[in-house]
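In what follows, a structure is listed as structure tokens, so that the remarks can point back to it.
The chains referred to below are lettered A, B, ... by the order of the sequence lines, with proteins before strands, and numbering in each begins at 1.
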Amino acid sequence: MDTVIYNPKPSYFMYSNVNQQGNDQAVDMRNNNQPPASQASTSHSSESAGDPCGPGKWAARLLRDCAKALSEKDSSRIHHLLWMLNELASAYGDCEQKLASHFSQALFCKATEMGELCFNTLSSVAERSRSFESARKMILKFQEVSPWTTFGHVASNGAILEALDGESKLHIIDISNTFCTQWPTLLEALATRNDETPRLKLTVVTTVSMERSVMKEIRQRMEKFARLMGVPFEFHVVSELYRLAELTKEELGVQDDEAVAVNCIGALRRINVKDRDAVVHMLHTLGPKVVTVVEEEADFTSSMDDFVKCFDECLRFYALFFEMLEESFLPTSNERLMLERECSRSILSVLACDEGDGGSCSTEESERRERGRQWCDRLKEAFSPVGFSDDVVDDVRALLKRYRAGWSLVLPQGDDDSGLYLTWKEEPVVWASAWKP
Amino acid sequence: MLQSLRLQSSINANPNPNSTMRPKRSDRESHAGDSTGDNEDNQARKRFNFGRNLSGEATVSGEKSVRHEDEAEEEIVIGGESSGLRLLGLLLQCAEAVSMDNLDEASGLLPEISELASPFGSSPERVAAYFAEALQARIISSCLAIFQALEAEDRVHVIDLDIMQGLQWPGLFHILASRSRKIRSMRITGVGSSIELLEATGRRLSDFANSLGLPFEFHALEGKVGNITDLSRLAPRQHEATVVHWMHHCLYDITGSDLGTLRLLNLLKPKLITIVEQDLSHSGRFLGRFVEALHYYSALFDALGDGLGGDSVERHQVEQQLFGSEIRNIVAVGGPKRTGEVKVERWADELRRIGFRPVSLGGNPAAQASLLLGMFPWKGYTLVEESGCLKLGWKDLSLLTASAWQPSDQSL
């Protein structure tokens, strides 16, 4: 029995004869690649992951089985699988364990109809502990190790600078999740490109909670940087993200003599699905010279009514994302942990919460991503695509060279599509596009 | 599921703000094992004060000098200058809630603890990360267990031989209400010594059940169940499963005549009897034990932190793979074998004589889950299966022995 202490897997009380398993389950502690959890699963039952010594994707199998059981309302199977997942999961383990942890939380909440309550609690706790410093560290580190976000910045900045070239009064409406980290580069370009430095007004549309927690410091830094660059600058915050479809030119401070650019990075997916077309229409009323849209390449929307399909897509996307995080960050990174926690809340939102339809159980936010092609269909109602110039494409290529191997750029082939795709290990992950009225 | 337990707090809130949150009765305080009760808790808190190095960073070290109680309280509760202190204060609060069967408070604290914790942070942050994760896993699995246990039943009658505040039942209600197949009837007969307390418990449980749309009846039975002569109120209705939950307290007598109780069990032939016996020969407060473990692992993590660098990947792997599992074991299930008498042997013969046989608590997870009804797995640290019984212990000390029995002619 002494060997049990050194066995990294939890020793379940259900194993009545531990000695017998002691030999089978002995784990070589030096083999860090071996997911400890897979040891347990082999002696459980026939549903266990295949080969315990191989790169078994045990989490995906158990999770998918559970999602299927949920959709079939097979209670005893649901409980059995959740039980196993609960035992094997860990938010602090390897990729498989993390996926098991975050996805089984969502499944559990879905099974007990506690999605909204859980999401709201987790969000408010996260908000309380969020600070400018912690958010800044997380974002900057992410940008340092991965082009996931910087890809969109470079493409958008390039398109905006070209569209507003020659204008003297610029107004950028920024509806993004970037904490304004893309703007210093743009400010620098404005200051150095031409002889005449234009004025820039930046209006950030965000949520009340973001405004409370980080906007003050962001404002100070942006104003200071603009001063340094010698760019006449104004900074405004409109904390009405969830009313985006109803906002007006006046509320956004858009004036007739301004050249307007609208920048939507990771923002449109946060709008409730039923309001998205209205948002596109609203953006058109602002009379922008260019609208840049950057979104992640996943579809949690068209399968909204098919839980298993939605689940599969969610798992596909986040497995990729978690793998990318693991390969990009150091193993002991708190910044990566914060990103993973954000993902956890998103997963919960997509799988266990209902879209806002006015009911008391709905959440304000959405996290239902749509693919580039789907956004194109929406945007084409009011806008037409603008291709990225060769210069911008070159800038993006140069950016990617600064990161580890695995990242590349894909240009769309046909006329239907527009925009650029960032790919990681051949999978398209982020889509960037530019539009004009 | 954590958050679902929170619902209880708004509804289960004690209407009398002056009454104690602790469900322990005053007569328990005089027990040999518990006599140092409160004092022990305070001692535990004081022992767990953090030292600080000159730069103001909190470090955990061994036995610190006992500080003035007020100062100690303030440090833990307000959090002093370090989020590490605050974090461990929260963890202690959570442990305290668990020790008092106050699951909803415990699960309300966990999200915040988890958010502040990190396996890549300071010592307290790392320790808290694994303890919080272990606690969460345990609360979830116990809920699943109860849920599963009642899946097959449409009508349930729970006879709780020592219901007190009934804090263990709202979680079950919530699970029952969430089932896709509606339960047709749920009744609890609570036995206790004070009719006022019973009625208050009954009202609280009824309110909560109503808010969930659960068909519910509560019957209060004052006195000791072994002395009951009129069994008509306990008689099962048609198609109703009877479950008897029996937490023994060896140093005082709640059930009255043992023979009477046995006769009752014989007549009722409940589908399931869950017995939890306190092994008072090695008793001690949960909080004291929890703090001891926290202390131990904090010191260990501290030591590891000193020996290896701040960003040490090796340290993280050792902590996550080895200690994380140990902590999980301690807070939850599994672990090295316990020694200690099995008090239930005394009852084993009696129960067998009246036609019950033990249901082994070893075996496959599904069956096991169904037998955890009414037990308190979330309170245990090591739960070991031995001779078909579950023994709850702390390191080498056995605290509780749990067993389950069903009629001999029935198969599960």
Side-chain angles (χ1 to χ4, degrees), chain A residues 1-2 4-18 27 29 32 36 44-45 73 75-76 78-80 82-84 86-87 89-93 101 104-105 108-109 111-122 124-126 128-129 330-334 336-338 341, chain B residues 1-4 6-7 108 111-112 114-116 118-121 129-130 133 137 140-141 143-145 147-148 151-152 174-175 178-181 310-313 315-318 320-322 324-326 328-329 332-337 360-366 368-369 383-385 390:
Chain A
M1 285 301 264
D2 285 346
V4 172
I5 298 173
Y6 303 106
N7 190 329
K9 75 159 172 64
S11 48
Y12 306 105
F13 58 75
M14 50 273 273
Y15 299 135
S16 50
N17 189 351
V18 183
V27 169
M29 280 297 294
N32 295 321
H44 259 289
S45 64
K73 297 200 197 296
S75 296
S76 66
I78 294 171
H79 298 134
H80 186 58
L82 280 177
W83 175 278
M84 287 176 68
N86 185 43
E87 292 296 318
S90 169
Y92 307 130
S101 174
S104 66
Q105 175 181 249
F108 194 103
C109 285
T112 53
E113 293 174 18
M114 280 292 111
E116 281 80 16
L117 191 55
C118 190
F119 179 81
N120 290 335
T121 306
L122 292 175
S124 72
V125 160
R128 272 207 303 275
S129 66
L330 285 177
T332 56
S333 164
N334 269 307
R336 193 198 65 214
L337 184 62
M338 277 178 76
R341 282 175 178 166
Chain B
M1 190 56 213
L2 248 33
Q3 314 319 322
S4 73
R6 292 223 70 187
L7 258 190
E112 189 172 356
S114 300
E115 183 72 25
L116 293 172
S118 163
F120 316 122
Y130 297 114
E133 199 177 51
I140 289 177
S141 73
C143 294
L144 281 175
F147 205 158
Q148 182 140 24
E151 248 313 301
H174 200 90
I175 289 164
S178 311
R179 281 179 12 161
S180 47
R181 203 169 96 231
D311 291 330
S312 165
V313 175
R315 187 192 67 195
H316 167 61
Q317 285 175 338
V318 168
Q320 198 265 329
Q321 288 174 25
L322 179 58
S325 296
E326 273 188 17
R328 204 161 164 136
N329 282 351
V333 296
K337 261 200 170 177
S360 172
L361 297 177
N364 78 67
Q368 196 137 37
L383 192 63
V384 156
E385 181 270 321
L390 282 182

(Q) Taking side chain as everything from C-beta outward and backbone as N, CA, C, O, which of these in A/Ser124 sits under 4.5 Å from a heavy atom of chain B? Side chain, backbone, both or neither. (A) neither
Q. Closest approach of A/Ser129 and B/Leu116, non-hydrogen atoms and distance?
A. CB-CD2, 4.3 Å
Q | Minimum heavy-atom distance B/Pro111-A/Val125, with the two atoms named | A | O-CG1, 3.6 Å
Q. Is there side-chain contact between B/Pro119 and A/Leu337, with heavy atoms separated by less than 4.5 Å?
A. yes
Q | Check: B/Glu133 side chain, A/Ala91 main-chain N or O, donor-acceptor pair, under 3.5 Å | A | yes
(Q) What I'd like to find out is whether the side chain of A/Arg128 reaches to under 4.5 Å of the side chain of B/Glu115, using heavy atoms alone. (A) no
